[in-house]
2 protein chains.
Amino acid sequence: MQIVNEHRRKDIHNSDIPTVCAACEARHGGVCGTLTPDQLLDLSRHSTRRSIEPGREVIGQGETTDSYANIINGVVKLSKVLADGRQQIVGLQFAPDFMGRPFTRESALTAEAAVDTDICCFPRTVIDRLVSEAPGLEHRLHEQALKELDEARDWMLTLGRKTAQEKVASFLYIIATHIDPEKGTANEFDLPLSRADIADYLGLTIETVSRQITKLRKDNVIRIENSRHVTVPSLDRLMHVAGID
Amino acid sequence: MQIVNEHRRKDIHNSDIPTVCAACEARHGGVCGTLTPDQLLDLSRHSTRRSIEPGREVIGQGETTDSYANIINGVVKLSKVLADGRQQIVGLQFAPDFMGRPFTRESALTAEAAVDTDICCFPRTVIDRLVSEAPGLEHRLHEQALKELDEARDWMLTLGRKTAQEKVASFLYIIATHIDPEKGTANEFDLPLSRADIADYLGLTIETVSRQITKLRKDNVIRIENSRHVTVPSLDRLMHVAGID
DNA sequence: ACCCGCCTTTGATTTTGATCAAGTCGCCGA
DNA sequence: TCGGCGACTTGATCAAAATCAAAGGCGGGT
């Protein structure tokens with residue numbers, strides 16, 4: 001099964017016509033924005049909010065997916081594995097991304113929470129029905145797909161052509177720009193990924209990631225506490241090291 | 001400018017109501033299938049068929065795009081470059097793919113013909129208008145985006161976690177399965193890419209690509225003539241070398 | 001046919017990052 | 001407070017691919 005830990009379900013009958021998805025409550029830029037109040041109510045009625053602890057699998061590679069979800073907060077890793085166990089993280093999703101694969105029941109990848117993550121789940125039947133009723137919803141999902149495609153292609157450049165040093169700096173830059181979406185770029189943040197996860201994201205080994213982080217620290221590009229909390233004195237400098245022009 | 005070589009324009013007034021795009025003529029699985037005969041006529045009237053010679057740029061990174069296109073035959077490379085010139089091919093498009101980036105005027109990548117390629121161009125104004133009139137068209141574009149996303153993520157696994165040998169075998173497998181879409185997988189074909197292009201696609205150097213191709217030949221996984229014409233005795237064997245389970 | 005230029009191959013050497021192998025740090029529970 | 005365990009770091013060595021360098025081959029033009 002894909003959803004791990006049912007947390008609570010908001011009683012939607014307290015609000016008459018919600019202006020946001022009742023289950024999601026706040027910030028959920030996912031799909032709700034394009035719906036009419038009636039459709040939103042419909043969706044809320046079928047939504048479930050869930051909390052997922054780090055390392056817990058949301059959807060396994062090859063399993064059938066019966067739901068979509070908005071990420072309310074937290075970070076989700078999307079990864080693929082080779083038969084012999086080599087693993088590659090092919091994307092990270094942050095709040096308020098929409099997760100799920102329209103128009104196919106089979107998932108080509110594994111989704112796993114990287115940190116404590118809350119998601120708001122919708123059964124696929126409801127989304128599929130709403131898509132056919134509200135053309136704006138398909139447009140919204142289409143834009144999400146295009147955004148993920150752009151990110152994937154940017155990352156291909158990183159994987160194929162950057163040095164270990166540039167890869168690690170690129171990763172830190174991604175986190176700085178995504179971890180706190182309302183603030184935009186942040187120069188202080190906690191890494192949502194372990195060294196092993198970072199290695200899987202960058203196509204490197206744990207040891208190489210560790211060494212490169214040490215090097216960035218020694219070069220005063222970053223400061224680091226508890227191996228997770230990062231401070232970036234100059235984001236321009238970080239970008240430069242990352243090879244981003 | 002993005003389109004290079006105007007070839008000819010079909011006189012669409014000869015046919016009354018076309019059942020396929022008149023400019024595209026045959027095989028053009030791109031977008032036409034979802035349109036009504038009237039819309040198809042509309043589209044055909046504004047379409048232009050063009051031929052592009054190898055190495056010719058269709059759309060440059062950072063330029064504004066004023067058109068979409070169906071690939072009628074040939075292969076188009078999509079690539080990104082770093083400031084210092086390092087290049088990564090982030091996707092290949094084959095007939096009958098639809099090319100172009102909905103909802104944004106700025107291209108994040110460079111599109112360039114790999115071999116002699118014919119495309120059928122539509123002005124973005126026409127496509128954007130048809131999208132708002134025909135919901136099926138957006139669905140078609142959405143599916144194209146999802147297909148490209150899947151391919152990009154598969155390739156990220158190749159770039160991040162496979163050896164040079166596996167990368168080259170994976171590339172040959174991609175070509176075998178895409179070069180001739182109506183036949184499905186082919187075990188004899190011409191490579192549409194030079195060694196330099198293959199290297200840019202695989203995140204390797206020319207020399208490494210050449211050595212790995214030589215090794216595949218010596219191991220009897222492939223036969224090769226003129227450095228471009230490839231025969232694959234056993235596609236299963238090739239898949240196995242490519243690390244595809 | 002011959003030459004020239006480009007693409008490809010092959011060889012020698014170097015470099016980067018992987019692998020193997022110990023530590024160290026920090027956190028949680030006894 | 002003390003272990004113990006998991007995550008991270010650091011060091012030594014190795015291997016894969018990059019780089020540097022020099023030939024081949026193939027095709028197009030004269």
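Numbered from 1 within each chain, the chains take letters A, B, ... in sequence-line order.
The distance between atom CZ of Arg86(B) and atom C1' of dA18(D), rounded to the nearest whole Å, is 13 Å. For the pair His229(B) NE2 and dC26(D) P, the computed distance is 15 Å after rounding to whole Å. In this structure, CD1 of Ile206(B) is placed 18 Å from P of dA22(D), rounded to the nearest angstrom. Distance CD (Glu207(A)) to P (dA12(D)): 15 Å, rounded to an integer number of Å. Taking atom NZ of Lys215(B) as the reference point, atom C1' of dT10(C) lies 16 Å away to the nearest angstrom. In this structure, Ile198(A) places its CD1 atom 13 Å from P of dA7(D), rounding to the nearest Å. Atom-to-atom, CG of Leu159(B) to P of dA17(D) comes out at 13 Å; the value is rounded to the nearest Å. Computed from coordinates, the Lys162(A) NZ to dA18(D) P distance equals 18 Å when rounded to whole Å.
For the OP1/OP2 pair of dT10(D) and a distance below 4.0 Å, the side-chain nitrogens and oxygens of Ser210(A) include no atom meeting the criterion. Remark: Thr205(B) is not in phosphate contact with dT19(D), judged by side-chain N or O atoms under 4.0 Å from OP1 or OP2. Between Thr208(A) and the phosphate of dG17(C), there is no side-chain N or O to OP1/OP2 separation shorter than 4.0 Å. Checking the phosphate oxygens (OP1, OP2) of dT9(D), no side-chain nitrogen or oxygen of Arg211(A) falls inside 4.0 Å.
Residue contacts for Leu204(A): at a heavy-atom cut-off of 4.0 Å it reaches the sugar-phosphate backbone alone, with no base atom in range.
Where Gln212(B) and Thr214(A) each meet DNA chain D at their nearest nucleotide, the meeting point lying more 5' is that of Thr214(A). Along DNA chain D, the nucleotide closest to Arg161(A) and the one closest to Arg217(A) are compared, and the more 5′ of them pairs with Arg217(A).
Between the side chains of Ser170(B) and Lys162(B), a donor-acceptor pair is found at a separation under 3.5 Å.
Between Leu204(B) and Arg161(A), the shortest heavy-atom distance links the atoms O-NH2, 2.9 Å.
Looking at heavy atoms from C-beta onward, Val230(B) lies out of side-chain contact with Asp190(B) at the 4.5 angstrom threshold. At a threshold of 4.5 Å between non-hydrogen side-chain atoms, the residues Lys147(A) and Asp97(A) count as touching.
When distances are taken from the side chain of Asn226(A) to each of dC27(C), dT8(C), dC8(D), the shortest belongs to dC27(C).
One finds a salt bridge joining Arg86(A) and Glu166(B) here, because a Lys/Arg side-chain nitrogen approaches an Asp/Glu carboxylate oxygen to under 4.0 Å.
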